[in-house]
There are 8 protein chains.
Amino acid sequence: MTKSKKLLAATVGAAVLATGAIGAVAANAAGPAADAKTTVKADAANRNLTQSTHLTIAAATKAAQSALDAAAKEGQKVSVAVVDRDGNTVVTLRGDGAGPQSSSSAEKKAFTAVSWNAPTSALMGRLSKTPNLKDIPGTLFLPGGAPVQAKGAPIAAVGVAGAPSGDLDEKFAQAGVAALNG
Amino acid sequence: MTKSKKLLAATVGAAVLATGAIGAVAANAAGPAADAKTTVKADAANRNLTQSTHLTIAAATKAAQSALDAAAKEGQKVSVAVVDRDGNTVVTLRGDGAGPQSSSSAEKKAFTAVSWNAPTSALMGRLSKTPNLKDIPGTLFLPGGAPVQAKGAPIAAVGVAGAPSGDLDEKFAQAGVAALNG
Amino acid sequence: MTKSKKLLAATVGAAVLATGAIGAVAANAAGPAADAKTTVKADAANRNLTQSTHLTIAAATKAAQSALDAAAKEGQKVSVAVVDRDGNTVVTLRGDGAGPQSSSSAEKKAFTAVSWNAPTSALMGRLSKTPNLKDIPGTLFLPGGAPVQAKGAPIAAVGVAGAPSGDLDEKFAQAGVAALNG
Amino acid sequence: MTKSKKLLAATVGAAVLATGAIGAVAANAAGPAADAKTTVKADAANRNLTQSTHLTIAAATKAAQSALDAAAKEGQKVSVAVVDRDGNTVVTLRGDGAGPQSSSSAEKKAFTAVSWNAPTSALMGRLSKTPNLKDIPGTLFLPGGAPVQAKGAPIAAVGVAGAPSGDLDEKFAQAGVAALNG
Amino acid sequence: MTKSKKLLAATVGAAVLATGAIGAVAANAAGPAADAKTTVKADAANRNLTQSTHLTIAAATKAAQSALDAAAKEGQKVSVAVVDRDGNTVVTLRGDGAGPQSSSSAEKKAFTAVSWNAPTSALMGRLSKTPNLKDIPGTLFLPGGAPVQAKGAPIAAVGVAGAPSGDLDEKFAQAGVAALNG
Amino acid sequence: MTKSKKLLAATVGAAVLATGAIGAVAANAAGPAADAKTTVKADAANRNLTQSTHLTIAAATKAAQSALDAAAKEGQKVSVAVVDRDGNTVVTLRGDGAGPQSSSSAEKKAFTAVSWNAPTSALMGRLSKTPNLKDIPGTLFLPGGAPVQAKGAPIAAVGVAGAPSGDLDEKFAQAGVAALNG
Amino acid sequence: MTKSKKLLAATVGAAVLATGAIGAVAANAAGPAADAKTTVKADAANRNLTQSTHLTIAAATKAAQSALDAAAKEGQKVSVAVVDRDGNTVVTLRGDGAGPQSSSSAEKKAFTAVSWNAPTSALMGRLSKTPNLKDIPGTLFLPGGAPVQAKGAPIAAVGVAGAPSGDLDEKFAQAGVAALNG
Amino acid sequence: MTKSKKLLAATVGAAVLATGAIGAVAANAAGPAADAKTTVKADAANRNLTQSTHLTIAAATKAAQSALDAAAKEGQKVSVAVVDRDGNTVVTLRGDGAGPQSSSSAEKKAFTAVSWNAPTSALMGRLSKTPNLKDIPGTLFLPGGAPVQAKGAPIAAVGVAGAPSGDLDEKFAQAGVAALNG
């Protein structure tokens, strides 16, 4: 092992300890047990690796639940989704009595918010200049998506759908994000 | 800002510096410019965040290219794919003259290898005990997928398809992984 | 309004009060506000209506969270899904570090369990007699799905995937179901 | 079993008797026989359950047939669909000589009507304010969908497509809904 | 117009009158009104045309309803589908309390029965000799599909799914077909 | 067998003879051999049957080839498709050097033309009044689709795509239709 | 322009003249007219280019038609497809009265034959050693696909489906290929 | 073998030598070994064959990498795709930190550029006249796609997505194309 590799290992370990998070870097991270005999090892030099930041599932669930609670307080029936920066869906909650269109809408709003690092309500201006943005697969340009940022960069987003107006949807999505700062 | 939040920021910054990687955590990371006014800020407490490790696109491309080169040296026409631990496809290369079935096969083999943290050739034993594993969406249980590991955990995989045998495919995939240790 | 219609209304109201649940029957249940002018009314005679029983989103979330917690206690990284009797997905949680194959697997296991009103581990016998059952869209015949029953009938199911064995997955799924009896 | 659980059972039973409906709550409701040995029981506390109201298949078929008959009386060739509040398709009828575009159109109109609890003709105003609503998956904003309501809340919708105008389609859809009050 | 064209027109007209059916050949058959000005006319010579036989929607609905009734008489909860010889779905009925897997299963069983002009229960022998038949898109090789024949040729099929055994499903499907001879 | 059934058989037979077409009604029409033992017979009463008119594959191929030839005469590279009244694709020809977007475009234009029984160029007026028509699945509202009619009713359509303008595409599509009258 | 580029242009031109084929290399090949102003030119060095060999659409149509004729001579109702070496479908013909499963089957058989450069009937041996080959997307391992070769390499394949046995299907597919040598 | 066939073989061989490319025409081109016994030979007459020009995978990778490098120089996070003239994706690179919407966008922009043989920025004028062009499957009408031409004809395209503006995306795409002339 080269020195730079050792440094990486130490650094990653430190970060892991400091954040209290374990993530995919931890030993034994693979879900199913690995048949290790022929496994190619690649504890690669640090020039090959990059880190990305995610909400823990606990945090993502808290955000989603908080959005749902905010809607319930106002008697609104909604669905909620949280997606990460890579567009993977992390949490979905289909609220009691929410319309059948709300699940996929919530997911797409979150996808849109994390893609542009902006609340979906703030993207309408962009759309008026470049209407075909809305043809990008996975997007939905309706208010109700709110990005989660770490140091200014998007790491996730909360999407809400099903309330009578997109403004309400987005208010609830932002309540979900705000819960992460509580 | 609470003290724990400050600690997180410092820790993440340290990790970023130490690895020399920037990733999605960096300022201004969002592809398109953000309409920032209404953005909800969530430089959240460290208990909310986790890090995941990825190959840089440069490293992933090097691995894919190396797999393709290894096949070319033996006169084999193949396609290659690299997927990350979350199952997102990072690189695809459709080799000259490779059969039309090779592109999706390479991608699915890589997906399978990263899911089980094992070369796909080593998964046949598991399959004989639990044949329905192969019904899981996105998987393909044929030799030719090789995981990339950091500290024993899977962070990516290389998949190769198109050679006359799966053993050859996997040999080339492992050449791709090995290039990361070069 | 006929007498039987009145009875229905009263009965439904009573059921709603008794369970403390509101569901889609409540006034104003429609997510978005209705443009009511031309709405066709159909407070139909009771012979036209049937009721189905669902987990509340709170209960479904509790079950999913409990399954995830049970896995975490054993150091396993999994994803969890809850589907209702109609096959609609109600909750999904993608666990920290769980493999990319786990999300769809969890969902399909839950779908399978609620379809046959049995833990998926108990369906292997059926499959040996009728192997093509596994070609039915939406199903996955791997241990890890556990039905939720009310009075013996299936109303939902919890699915778990990502642990090194299906037996573990199912143990966690059953922990999720058990939490509903807590 | 706790006292609250007993109360629930009694209450649900009462509702079932009173409505004359059986639904998924009834014993033995599972389509295929359950392999019961390892089944996890969850006759859960009432705080965990909610009821939703559906058309019986008999009622949904009557509505669909009535819509088709209304079209036939005017010499129009249409297709008809009925979806429930969760967006599940309950009945489809592809009318003699109806165009190939009519089947999916009818289904999507019904989905749209039940999602917004309004006839699709009444949704055009909403669309002029929020045009991107029509990008929500599963929707089609053309006249021809009519919601079925119980106590004001949407429980299903009838969709019709294939007539020379959307107004005609919607007239037939409303005839289908009206048949439930006959 | 050549003589053979005239003959065709007369013959087709005669068939239409004789069967009392109108079908797509009738004037004004197009669902939506045609903007006729630039329409290319092609009342083509008979050598260009062929006829195919279909169940009327009334007959297909009767068959589906009869299958559902047969299941109800035995207390079974099933879904039913009718497809025509071209594989187009003509009727679907999702029965009260039928499992969520039953809808697509019924449709695929009907597709399989009409493709091979045989009850799906009778296709198991073929499958043992040629197992990959079951990889053909749209098929499902489980008992429960029964063809409808006119003069020995398949014109439609009824599919049933959701009962505890495929034998029961097929019994109900055959009851649906038998209703056409009533 | 009742008298009306006998009449039907005679009538259908007569139509078949008169048109010289065989279609799906002929004996032995099923592609694969039927395992006949348990086949349910349903030589149903005439009230259950309807006929639909199709182009023979020979005619459809001639139309498609003629459209392609018309394009070649003008040095245009296009793809061509023929669909029947039920929306099933009967012929596709991907022309030498035609753009990759042309195949699906040709198919969708044909689908659109047969659905509205009008050349797609003539549908622009309808679209200006009802813009959401273009959200109907399977449709494409661009010139280049031309219906084939028998006695005024649509029985098929030819779609062409890939020329520098939609007007050219439609000219070639109409040449395809015209070949049926040659 | 460098010397190697000039050589390439000459060589390609020569090949084009010699074969009498024009293909996508010809001037003005783009279907729709190009808006050329900002077009980036890349008459690239020969080290950047490779040629692939395809059937002309005329040849592919002849092969497909010949396969269909061979089936008709034996009274068999089939569908036929031709795909090129890249897996793109070039021709499809849905035969009169062919089962609804035949279209996609023919296409997949052709895809399989061109992928392995062998008749699909000859691939059964491979499958017995490596059964999961049949899980590769786009493939169907049933007799009825026959490759078209130029100088031993696969350039296309003909697929046939719908006859009572795969052997018949493949006989017709081979008749289609043979027509290219006529 | 006729004389014209011999000429073809010679010519193709010459072209292959001259370009230094091997492609699918070479002997042994099939990825997996062919079971040759029953293979139908079709070294067909030259009137049956046409050639198409492609970027080598090496060239396509160079173009993609150059586009990614150009973006990195300006601190932009993007994804890149290269598609060939037939619409097949040859290379994809998902850049570090690029938004999740960028992968499919890049691919669709490349598809659009190669379909119309023009930079996607130059297609906006066409779209204002024919807005429904954007409904063609696979297309995305946003700047960022640039065609690669050989002798004026499109043979491939580079697509880039993820930068704050489409103009930037297209600048990087053109840098990728320019690298082929370096």
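Letters A, B, ... mirror the listed sequences (proteins, then strands); counts begin at 1.
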Notebook entry, point to check: Roughly how far apart are S105(D) OG and L133(F) CG, rounded to 0.5 Å?
Noted result: 8.5 Å

Note to self: To the closest 0.5 Å, what do you measure between CD1 (I136(F)) and NZ (K109(D))?
What the structure shows: 6.5 Å

Next item on the list: Determine whether D86(F) and R94(D) make a side-chain contact, defined as any pair of heavy atoms from C-beta on separated by less than 4.5 Å.
Entry: yes

Next item on the list: Would you name the heavy atoms of Q101(D) and W116(F) that are closest together and state the gap between them?
Entry: CG-CH2, 4.0 Å

Check: If you tally heavy-atom pairs under 4.5 Å against chain F, which of T139(D), L140(D), L127(D) wins?
Finding: L140(D)

Next item on the list: Taking all heavy atoms of K108(D) and all of P137(F), pick out the closest pair and write down the distance.
Entry: CE-CG, 3.3 Å

Next item on the list: Taking all heavy atoms of P164(D) and all of R126(F), pick out the closest pair and write down the distance.
Entry: O-NH2, 3.3 Å

Next item on the list: Determine yes or no for a side-chain-to-main-chain donor-acceptor pair under 3.5 angstrom, with N132(F) supplying the side chain and F141(D) the backbone.
Entry: yes

